[in-house]
Amino acid sequence: MNFWKIINLAAWALSVYLLFVMFTDFFKVESGRKSGTKEAGELE
Amino acid sequence: MSTTKIERLSKVLGPMHIWALGVGIVLVGEFMGWNFTIAKGGSIGAIIACWIMGLLYVSLVMVNTEMGSVMPEAGGQYTMAKYLLGPLAAFNVGLMLVFEYVMLEAADALVVGEILKTLSPQINSLPYIILTLVGLTYLNYRGVYATLTFNFIITAIAYVSIFVLLFATKFYFPSESLLRLPELTNGLPYGWIGIVGAFQFGIWFYLGVEGTALAAEECRSTSRSLPVGALTGMVTLLIGATVTWFVCSGLVHSKELGSSVYPLFDAARATKMPFVIVMLFIGTILSCMASANGCITDASRAWFAMSRDTLISEAFAAVHPRYNTPYRAIIFLLPIAIAFGFTGLLDQVITFSILSALLVYALSAYMMFKFRRMFPLGSIERGYVAPWHPLPSVILLILTLGTLVGMYFGYWVNMISGFSFYLIASLWFVLYRYKKVDTEKLLSAGVENWPRPEGY
């Protein structure tokens with residue numbers, strides 16, 4: 001496998017990793033809101 | 001009385017961040033796109049169009065800054081429209097802002113992928129387009145302070161790269177200068193009508209600088225940060241635009257320059273200096289990233305503000321408990337930007353973005369007249385007063401309509417499609433959404449802070 005193919009794969013991997021990190025946090029916040037442990041927002 | 005808690009964004013931004021937001025979104029237009037003015041109006045037509053469009057944007061920034069400095073809410077021109085024109089116009093302005101910035105963001109990411117492909121034919125542009133959009137979305141998700149500090153750094157590097165190119169030409173020593181303006185420029189081949197034709201591409205030098213007003217709510221002091229950041233940003237762009245024209249016209253023949261994809265990069269290649277070529281390559285990529293980054297910030301603020309005001313579903317009005325960002329709006333707009341990026345139709349995407357922007361400009365001129373009539377000078381405290389009113393609004397309106405006419409000759413199908421889209425969206429709003437709008441929430445911030453407007 002040549003250099004550029006590895007770089008292409010690394011870009012894919014980094015994109016997937018960032019999506020994973022962002023959505024993990026997103027769902028954590030959303031479940032916090034549902035269970036009422038949120039610090040800000042939502043209807044009172 | 002509503003018992004709903006209103007979500008607020010954190011106040012962390014200063015003039016530097018507002019500068020980075022405005023200049024960051026726009027600077028990509030100096031690295032590509034503006035040069036089509038040369039194909040339309042010739043070398044002299046291009047610089048005249050650049051300055052006339054500069055006049056349009058100086059007027060726009062003055063108008064926006066006066067209105068924005070008294071409305072410290074996210075949403076910029078959308079917020080102005082909701083107080084000055086009513087819910088239907090506000091819905092349309094909000095939608096136009098969202099599409100202007102989301103489409104520009106998609107176009108920027110497409111260009112990053114295309115530029116990287118020039119390094120090697122084995123580079124596949126798709127992962128880099130996705131990585132750009134996802135990476136910048138994540139940055140925006142994590143906090144506006146870090147996002148716009150990052151934007152400041154990459155925008156400054158991209159801007160400096162233009163001056164590296166300028167000084168590399170040794171323009172200051174006529175005997176050694178690489179610039180050959182008399183030989184490479186073609187004057188005004190199509191006369192004055194060519195200048196009008198060049199308007200639609202001349203706006204690339206400044207398109208998006210009005211986005212500074214969208215971060216009004218997040219400024220530590222809106223009445224200081226917004227005028228200082230927006231007006232210094234405009235001066236930065238006027239200097240950058242003139243230097244860009246000067247250096248590109250002196251290094252690349254007008255025939256090639258009029259159809260170049262990356263005019264500044266081509267100008268750097270004409271110097272045959274490796275360091276300058278690398279700097280401009282980096283500058284081009286960073287300018288695209290800065291633009292996409294600022295577009296994510298602005299589009300999400302417009303979407304968030306519309307949601308908080310109940311003009312669209314309230315689901316997008318949530319603020320992240322730790323990062324204080326409109327996180328749902330930021331994430332919601334990501335797949336839309338990716339979808340536009342996947343179309344690959346760069347010119348169509350950009351044309352819709354420009355049309356949306358021009359419609360907002362025309363409405364901004366009208367709003368300024370109404371603002372001064374409803375709240376005359378002295379009736380409310382202004383952070384900035386636009387001088388010579390109504391001259392800036394008149395100039396803004398005339399030049400915007402002139403640009404729309406110029407655009408009609410080349411892209412009339414796109415314009416009719418765009419108008420049809422906003423008409424259908426308006427029908428949806430009037431027939432379905434309007435009955436769900438909470439007018440108390442919509443106007444509460446203004447009602448609390450301002451006296452009753454004159455004539456109401």
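So that the names make sense, note that chain A is the first sequence line, chain B the second, and so on, each numbered from 1.
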Heavy-atom pair with the smallest gap, counting every atom of B:L311 and B:P87 = CD1-O, 4.0 Å
Looking only at B:N124, B:I123, B:I130, most heavy-atom pairs under 4.5 Å shared with chain A are made by B:I123
Which portion of A:F26 sits near chain B, non-hydrogen atoms under 4.5 angstrom = both
Should B:R301 and B:E217 count as an ion pair when the cut-off is N to O under 4.0 Å?
-> no
For B:T137, is it the side chain, the backbone, both, or neither that has a heavy atom closer than 4.5 Å to a heavy atom of chain A?
-> both
Around B:K11, counting heavy atoms of other residues, nucleotides and ligands shown, do more than 12 lie under 6.0 Å from its NZ?
-> yes
Using the ring of each side chain (for Trp, its six-membered ring), is B:F91 parallel, tilted or perpendicular to B:F429, with breaks at 30° and 60°?
-> parallel
Bottom line for B:I331: the part with an atom under 4.5 Å from chain A's heavy atoms is side chain
Chain A contact via B:L334 - side chain, backbone, both or neither, heavy atoms under 4.5 Å | side chain
Segment of B:Y138 engaging chain A (4.5 angstrom heavy-atom cut-off) = both
Which residues satisfy the ring pair (Phe, Tyr, Trp, His ring centres under 6.0 Å) test with B:Y262, sequence neighbours excluded?
-> none
